[in-house]
Amino acid sequence: MALRRGKSKFELKSAAQFGHMREAGLVVAEALAQVRRAVAPGVTTLELDAIAESCIRGAGATPSFLGYHGYPASICVSVNDEVVHGIPGSRILTEGDLVSIDCGAIVNGWHGDAAISVPVGQLDPAIERLSEVTRNALWAGLRAVVDGARLGDVGAAVEASIRSADYPYGIVVDYVGHGIGSSMHMAPNVPNIGKAGSGPKLETGMALAIEPMVTLGSADVDVLGDDWTVVTADGLTAAHWEHTIALTEEGPIVTTAAEDER
Ligand code: MF3
Ligand code: CO
């Protein structure tokens with residue numbers, strides 16, 4: 001199908017541009033895989049940042065977070081009640097923590113953005129389940145990204161997936177997914193709730209970052225005094241999973257998924 005370039009409200013990517021986005025996505029996947037393997041009791045969050053940065057730079061890519069609106073690191077590390085945008089530092093991970101790692105990279109000007117939640121040792125089963133529900137919701141959202149679907153279908157799929165779980169989880173609405181391509185954050189916003197059949201049509205050439213943030217309690221969040229770290233207002237644990245998905249001429253491709261994921 002021909003791209004309706006110029007008529008869209010959104011940035012539509014060529015096959016070559018999607019190629020760069022896939023390269024960036026694979027760099028993000030590898031950086032997250034290396035960080036996941038390094039997560040253990042006694043490790044500091046700054047050590048995880050160093051691993052990600054050297055992986056990204058070693059691949060010839062650029063960390064997109066570093067310097068973004070003054071952000072001081074290459075990844076976000078959000079532990080337990082921290083939802084997103086936790087700044088790596090001297091904090092030492094301990095058994096039972098749930099650590100959300102968010103990472104972005106740029107190849108030839110094109111972006112990939114993904115996040116995973118990683119257990120430190122043995123988790124409380126309720127927290128393990130929270131992370132699983134969040135990851136399943138991400139994939140429900142990804143499956144809704146097809147040519148001709150509507151943006152509201154994505155949020156509706158994410159929301160329905162979470163609501164169908166066996167527990168009244170909180171769905172964070174103050175932060176959302178986003179269009180992505182030549183910038184990390186572009187139109188449209190991609191909420192984690194929605195009404196099926198509503199909103200603009202998804203079309204070949206678009207790319208979205210889908211990123212459900214789910215909590216064990218209230219969905220209310222606060223921002224800490226560092227002006228970055230987003231925490232749950234009630235102090236309960238949150239999980240965060242994210243992928244970038246491209247609507248290519250050959251169909252949807254999760255650019256930040258390793259070849260063996262899916
Ligand atoms: N990757 C985050 C997102 O998913 C943004 C991180 S903000 C930064 O939208 F400043 F840390 F880069
Ligand atoms: Co994102």
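As the structure lists them, so they are numbered: ligands from 1, and atoms in each ligand from 1.
Hydrophobic cluster membership differs between I101 and V27, with clusters built from Ile, Leu, Val, Met, Phe, Trp and Tyr side chains linked at under 4.5 angstrom. W139 and I193 fall within a single hydrophobic cluster, where Ile, Leu, Val, Met, Phe, Trp and Tyr are joined by side-chain heavy atoms under 4.5 Å apart, directly or via other members. Connection of L216 to L98 is established within a shared hydrophobic cluster, with ILVMFWY side chains joined at heavy-atom distances below 4.5 Å, either directly or through further cluster members.
The distance from the Co ion (ligand 2) to the nearest N/O/S atom of H178 is under 2.8 Å.
Counting heavy atoms closer than 4.0 Å to ligand 1, residue H85 contributes side-chain atoms (C-beta onward) but none from N, CA, C or O. Only side-chain heavy atoms of Y71 come within less than 4.0 Å of ligand 1; its backbone N, CA, C and O stay farther off.
Atom 2 (C) of ligand 1 has D102 OD2, 3.2 Å as its closest protein atom, hydrogens excluded (heavy atom only). Closest to atom 1 (N) of ligand 1, if we only count protein heavy atoms, is F65 CZ, 2.8 Å. Looking only at heavy atoms of the protein, atom 11 (F) of ligand 1 is closest to C76 SG, 3.2 Å. For atom 9 (O) of ligand 1, the nearest non-hydrogen atom of the protein is H185 NE2, 2.6 Å.
Every atom of ligand 1 with a heavy atom of E242 under 4.0 Å away is listed here by number and element: 4 (O). Numbered from 1 in the order shown, with element, the atoms of ligand 1 that lie under 4.0 Å from a heavy atom of W228 read 10 (F). Taking every heavy atom of H178 and a limit of under 4.0 angstrom, the matching atoms of ligand 1 come to 3 (C), 4 (O), 9 (O). Shown in contact with D113 at under 4.0 Å from a heavy atom are these atoms of ligand 1, numbered in order with element: 1 (N), 3 (C), 4 (O), 9 (O).
Atom CG in L236 sits 4.0 Å away from atom CG in D234 (nearest 0.5 Å). To the nearest 0.5 Å, the span separating CG on L48 from CD on Q34 amounts to 11.5 Å.
With contacts defined as side-chain heavy-atom distances shorter than 4.5 Å, the pair Y175/V221 qualifies. At least one side-chain heavy atom of P188 sits less than 4.5 Å from a side-chain heavy atom of M206.
Between the side chains of S117 and S100, at least one donor N or O sits under 3.5 Å from an acceptor N or O. In this structure, a donor-acceptor pair under 3.5 Å is present between the side chains of Y68 and H185.
Vertex the Co ion (ligand 2), arms ending at OE2 of E211 and OE2 of E242: the angle is 90° after rounding to 10 degrees.
Closest to the Co ion (ligand 2) among the N, O or S atoms of D113 is OD2.
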